[in-house]
K.L.:
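First, the structure itself, so that you have it in front of you.
Values below: every heavy atom of this structure, side chains too, minus hydrogens, waters and symmetry copies.
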Amino acid sequence: MRTNMLRPKTHAASKGSTSVGASIRIAAAVFALVAGCLVQLSVGQASGQSDKPEGPSEPNERREPGKPDNEIVEPELLWRHDPKLRMPTRIRRVPASFLQLWTEALAGPEYELRRDVAMNITRAHSEGYLDGSTAADALANALKDASSPRSVIVEISRALIALDARSSSAKFKELLDAGSGMQFEMIVEPSLARWGDADMFLVWKQRLTADNVPRYRRLLAIRSIANLPRTMTTDEKLHAELASLVSNGRDNGIRLEAARALGQVQRLGLEPLAEQLLFSTGSANQTEVLAGVYLLLHHESELSEKLFRQALTASLDDLRKAPIVRLVWRRLLERNVAELSAIVPKAIGHSDPEVRRVAIDTLVQFPSAEQIVLLGNVLDDEHPEIRRAARHALLTLSGDDSLKPVVIEAGLAVIARSSWREQEQAIVLLAMLNQSQTADRLLELINSPRPEVAIAAAWGLRKLNVAGKLERLLTIAEAMDKQIADGQDLRLDQLIVMAHVFEALGRGKYKLAMPLLKRWIPKADPRVNYDVPRSSAIWSLGWLVKDSKDVALARQLKDRFVDVQSPIPESTAARIAAGIALGRIGAVEFAPELKTFAELGNGEPDLAAAWAVERLTGEKFPRPKPEIDEGAPWSVVPLGTRLKQDASGSSVN
């Protein structure tokens, strides 16, 4: 669902507005932080909490049968989730007339048209718009034209590969023999390997040792051999030739590809060669060590595990070998090697963020109360993905009753600190764990100069739903509303904070908030310009007067919902919120007007109307039909479609 975050102003700009440049910078930063603050989170089991006011469930609290308590969820503004109103997923489909035209064009004389059609078929098939397999014969016939330019041959071949047309193998090999260029070889040979072509296998083996083979062809041969079915690569002579390239080659790129291929096709007995590469006098050479790692990636022996542990210890202090550390660590973690937990304290402070990530994953796989404090420290990591990974790990570990108190203790220690990164992560952690004792701290942090922290604090207060704090929240909301009424422009992050506060007041059924929230119903300056808090305010009114049958309020909301034909129609977000609120208020007088929209089923406002009518009268409506996505623009379309496509931006049959 897409709604306007900030509606274009309908009147002259108010006094005291921020500069355009500053607004753009702030908006860009806030859009980034929203993606960070409202990310997928692991939900721990609920801890003890004071009685909560009646209100809607948070998205993460609505459990589906069989789902774990610590399921990954994404908390957002409640009006987007309560109730869930989603249009069916669009269906990708290209009209049959397109494929018919494309097939006919492949038989035509225009090479450029053939190339464009092949590209269309590749895209349409690969992206799920159509099953292009019926065009395989036409593509294969077009490939037989010996006078075709190389660019046409390449795109037709790419389309046949996308269709998995293995019957084209013979023609591909014929064109390879004829010399159709490097691009053709790079596209076709990997597919012939995937298809297990025996003739090409002989060609690739010959390239391993032949003189005067272009470098790219030798590399292509090595990679293709690695991609062959394993039943074709059991030849010990082949293994020896690859091993020779690893040991004696002078080209580091070829050595590494040979090591990767050898480790793929021979999964036993490479420990001696790997040990030589890992720990020889030249082991400071990253190529040597990486080649040794590649050799053992698919080995399962105790000796290979021992060598990997030694290599990990030897490489951990060398930042240049961070890629090696990541590879080896991941492989040992796959093998469930508990000894990794002993080096986590060192790795979790590594300069490479991905090394820190694998250390976090290790703590989740081998948890201990002693090391949870390490995860608490990572909540201040400079890399946003890493600190979020640490928070996810803590939430996951909180599912263990013996570790949950330690996780909470770590979170409480972090939220008391001064770093904004730690504060943001700790807020979300403790709110997901329903730690209502943090409410006073959140009321302090809601005024943080860092937008990330302020938004997280507002969301946390709404999530915790602590009745005793609603008066303070109303004071905060009133102050922000006064700023808007006085002509001040609030930043996007401030508007998001305001929206969360509105929803907290609605969720808590705090009746004293009614006058404030009602100010946001009319489509009038200045509040109409701020869709984010306005939609939340309207949604919250539905909870505040749920089942009250307040006809006067319902009439105001109905007027907002049906406002679709005025010179400046009501926003989509406000209409959705109004439709939901009408259903909750229970004023059945407005069901007929809502039903008119519910029967249309053309968008989420209509879904809100259907939900409201069902709640008011019990009448149910069929799910709307999914929209058809025809994948425009296509470069070749039936006559008459082009004009429609240019005018509407999408192709129309």
K.L.:
Is any NZ, NE, NH1 or NH2 atom of the basic residue among E354 and R326 found under 4.0 Å from an Asp or Glu carboxylate oxygen of the other?
P.N.:
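No, this pair does not count.
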K.L.:
Would you give the length of the straight line joining atom CZ of F590 to atom CD of E593, rounded to the nearest 0.5 angstrom?
P.N.:
7.0 Å
K.L.:
How long is the straight-line distance from CG of L78 back to NZ of K463, given to the nearest 0.5 Å?
P.N.:
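CG of L78 is found 10.0 Å from NZ of K463.
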K.L.:
Whether the E503 and S536 side chains hold a donor-acceptor pair (N or O, under 3.5 Å, no angle test) is what I'd like checked.
P.N.:
yes
K.L.:
Is the backbone of R230 close enough, under 3.5 Å, to the side chain of T233 for a donor and an acceptor to pair up by distance?
P.N.:
yes
K.L.:
Test D606 against K595 for salt bridge (charged side-chain N to carboxylate O under 4.0 Å, His left out), laying out the working first.
P.N.:
CA-CA 9 Å; D606 295 346; K595 182 178 178 180; over 6 Å; no
K.L.:
Would you mind reporting whether V152 and P149 have side-chain heavy atoms less than 4.5 Å apart?
P.N.:
yes
K.L.:
For D131, does its backbone N or O pair with a side-chain atom of H125 as donor and acceptor, under 3.5 Å?
P.N.:
no
K.L.:
Shortest non-hydrogen contact from P353 to I386?
P.N.:
O-CD1, 3.2 Å
K.L.:
So, R615 and D547, do they make that salt bridge, N to O below 4.0 Å?
P.N.:
yes
K.L.:
Looking only at side-chain N and O atoms, does Y294 offer a donor or acceptor that is under 3.5 Å from a partner on Q264?
P.N.:
no
K.L.:
In sequence, state the C-alpha distance, the side-chain angles, and the governing distance for F621 and E599, and then conclude on side-chain contact (heavy atoms from CB on, under 4.5 Å).
P.N.:
CA-CA 7 Å; F621 298 86; E599 290 173 340; 3.8 Å; yes
K.L.:
For L333, does its backbone N or O pair with a side-chain atom of Q365 as donor and acceptor, under 3.5 Å?
P.N.:
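Checked: pair present.
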K.L.:
Side chains of W102 and V94, heavy atoms from C-beta outward: is any pair under 4.5 Å?
P.N.:
yes
K.L.:
Assess whether a salt bridge exists between R507 and D82, defined as any Lys/Arg side-chain N lying under 4.0 Å from an Asp/Glu carboxylate O.
P.N.:
no
K.L.:
Any chance CD of E619 has more than 12 other-residue heavy atoms, nucleotides or ligands included, within less than 6.0 Å?
P.N.:
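More than 12 within 6.0 Å, yes.
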K.L.:
Whether the side chain of R534 engages the backbone of I521 through a donor-acceptor N/O pair (distance < 3.5 Å, no angle test) should be reported.
P.N.:
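Such a contact is found between R534 side chain and I521 backbone.
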K.L.:
Is the closest basic N to carboxylate O distance between D197 and R166 below 4.0 Å?
P.N.:
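A salt bridge is absent here (no side-chain N lies under 4.0 Å from a carboxylate O).
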K.L.:
Could you check whether N227 and S224, counting side-chain N and O atoms only, form a donor-acceptor pair closer than 3.5 Å?
P.N.:
no
K.L.:
Evaluate the criterion side-chain contact (heavy atoms from CB on, under 4.5 Å) for residue pair R114 and S148; output intermediate values, then yes/no.
P.N.:
CA-CA 10 Å; R114 290 186 197 174; S148 295; 3.7 Å; yes
K.L.:
Compute the ring centroids of W539 and F502, then answer whether they are less than 6.0 Å apart.
P.N.:
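Aromatic pair excluded; centres sit 6.0 Å or further apart.
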K.L.:
Once rounded to the nearest 0.5 Å, what's the spacing between atom CG of L495 and atom NE2 of H500?
P.N.:
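Separation between the atoms: 11.5 Å.
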K.L.:
Indicate the atoms forming the closest heavy-atom contact of L160 with A140, along with that distance.
P.N.:
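Minimum heavy-atom contact is CD2-N, 4.1 Å.
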K.L.:
Nearest 0.5 angstrom please: S157 OG to E185 CD, how far?
P.N.:
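Here the rounded value is 12.0 Å.
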K.L.:
If you measure from the Lys or Arg side-chain nitrogens to the Asp or Glu carboxylate oxygens, is any gap between E189 and R207 under 4.0 Å?
P.N.:
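Here E189 pairs with R207 in a salt bridge, since their nearest N and O are under 4.0 Å apart.
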K.L.:
Verify salt bridge (charged side-chain N to carboxylate O under 4.0 Å, His left out) between R93 and D629, making sure each step is shown before the conclusion.
P.N.:
CA-CA 6 Å; R93 187 171 67 202; D629 174 9; over 6 Å; no
K.L.:
Is the CD atom of E385 crowded by more than 12 outside heavy atoms at less than 6.0 Å?
P.N.:
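Yes, CD of E385 has more than 12 neighbouring heavy atoms, counting only those of other groups under 6.0 Å.
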K.L.:
Can you tell me how far apart CZ (R330) and CG (L297) are? Round to the nearest 0.5 Å.
P.N.:
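Between atom CZ of R330 and atom CG of L297 there are 13.5 Å.
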K.L.:
In Å, rounded to the nearest 0.5 Å, how long is the span from OG1 of T617 to CD of E614?
P.N.:
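Atom-to-atom, T617:OG1 and E614:CD are 8.0 Å apart.
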K.L.:
Would you tell me whether S571 and K523 have side-chain atoms, one donor and one acceptor, within less than 3.5 Å of each other?
P.N.:
no
K.L.:
What closest approach, in Å, do A431 and G460 show between heavy atoms, and which atom pair accounts for it?
P.N.:
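Scanning both residues, the minimum pair turns out to be CB-CA, 3.9 Å.
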K.L.:
Is the backbone of L176 close enough, under 3.5 Å, to the side chain of S180 for a donor and an acceptor to pair up by distance?
P.N.:
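No, S180 side chain to L176 backbone: no donor-acceptor pair under 3.5 Å.
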K.L.:
Let me see the working for I538 and W79 under side-chain contact (heavy atoms from CB on, under 4.5 Å), right down to the final yes or no.
P.N.:
CA-CA 9 Å; I538 292 172; W79 76 265; over 6 Å; no
K.L.:
For the residue pair L594 and A612, what are the closest heavy atoms and their distance?
P.N.:
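Where L594 meets A612 most closely, the heavy atoms are CD1-CB, 3.9 Å.
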K.L.:
Do you know which two heavy atoms are closest between A389 and I360, and how far apart they sit?
P.N.:
O-CG2, 3.8 Å
K.L.:
For a 4.5 angstrom cut-off between non-hydrogen side-chain atoms, does R560 reach D563?
P.N.:
yes
K.L.:
Is any side-chain heavy atom of P624 less than 4.5 Å from a side-chain heavy atom of M87?
P.N.:
yes
K.L.:
Looking only at side chains, do S147 and Y111 share a donor and an acceptor under 3.5 Å apart?
P.N.:
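Yes, side-chain donor-acceptor contact under 3.5 Å.
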K.L.:
Is there side-chain contact between L106 and I121, with at least one heavy-atom pair below 4.5 Å?
P.N.:
yes
K.L.:
Do L143 and K171 come within less than 4.5 Å of each other through their side chains, counting heavy atoms only?
P.N.:
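Yes, close enough: below the 4.5 Å cut-off.
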K.L.:
Between R331 and H298, does the side-chain contact (heavy atoms from CB on, under 4.5 Å) criterion hold? Intermediate values first, please.
P.N.:
CA-CA 9 Å; R331 182 67 182 114; H298 299 285; 5.8 Å; no
K.L.:
Ring of F597, cation from R575 - is the NZ or CZ under 6.0 Å from the centre and inside 45° of the axis?
P.N.:
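Yes, R575 lies over the aromatic ring of F597.
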K.L.:
Heavy-atom distance under 4.5 Å between the side chains of I91 and E627, does that happen here?
P.N.:
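I91 vs E627: side chains apart.
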K.L.:
Does the distance from a Lys or Arg side-chain N to an Asp or Glu carboxylate O, for R115 and E155, drop under 4.0 Å?
P.N.:
no
K.L.:
Does NZ or CZ of R123 lie under 6.0 Å from the centre of the six-membered ring of W634, at an angle within 45° of the ring axis?
P.N.:
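Yes, a cation-pi geometry holds between R123 and W634.
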K.L.:
Taking all heavy atoms of L85 and all of L607, pick out the closest pair and write down the distance.
P.N.:
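Nearest pair, atom of L85 first, then L607: CD2-O, 3.9 Å.
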K.L.:
Hey, does L192 have a side-chain heavy atom less than 4.5 Å from the side chain of S169?
P.N.:
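With C-beta onward as the side chain, the pair touches.
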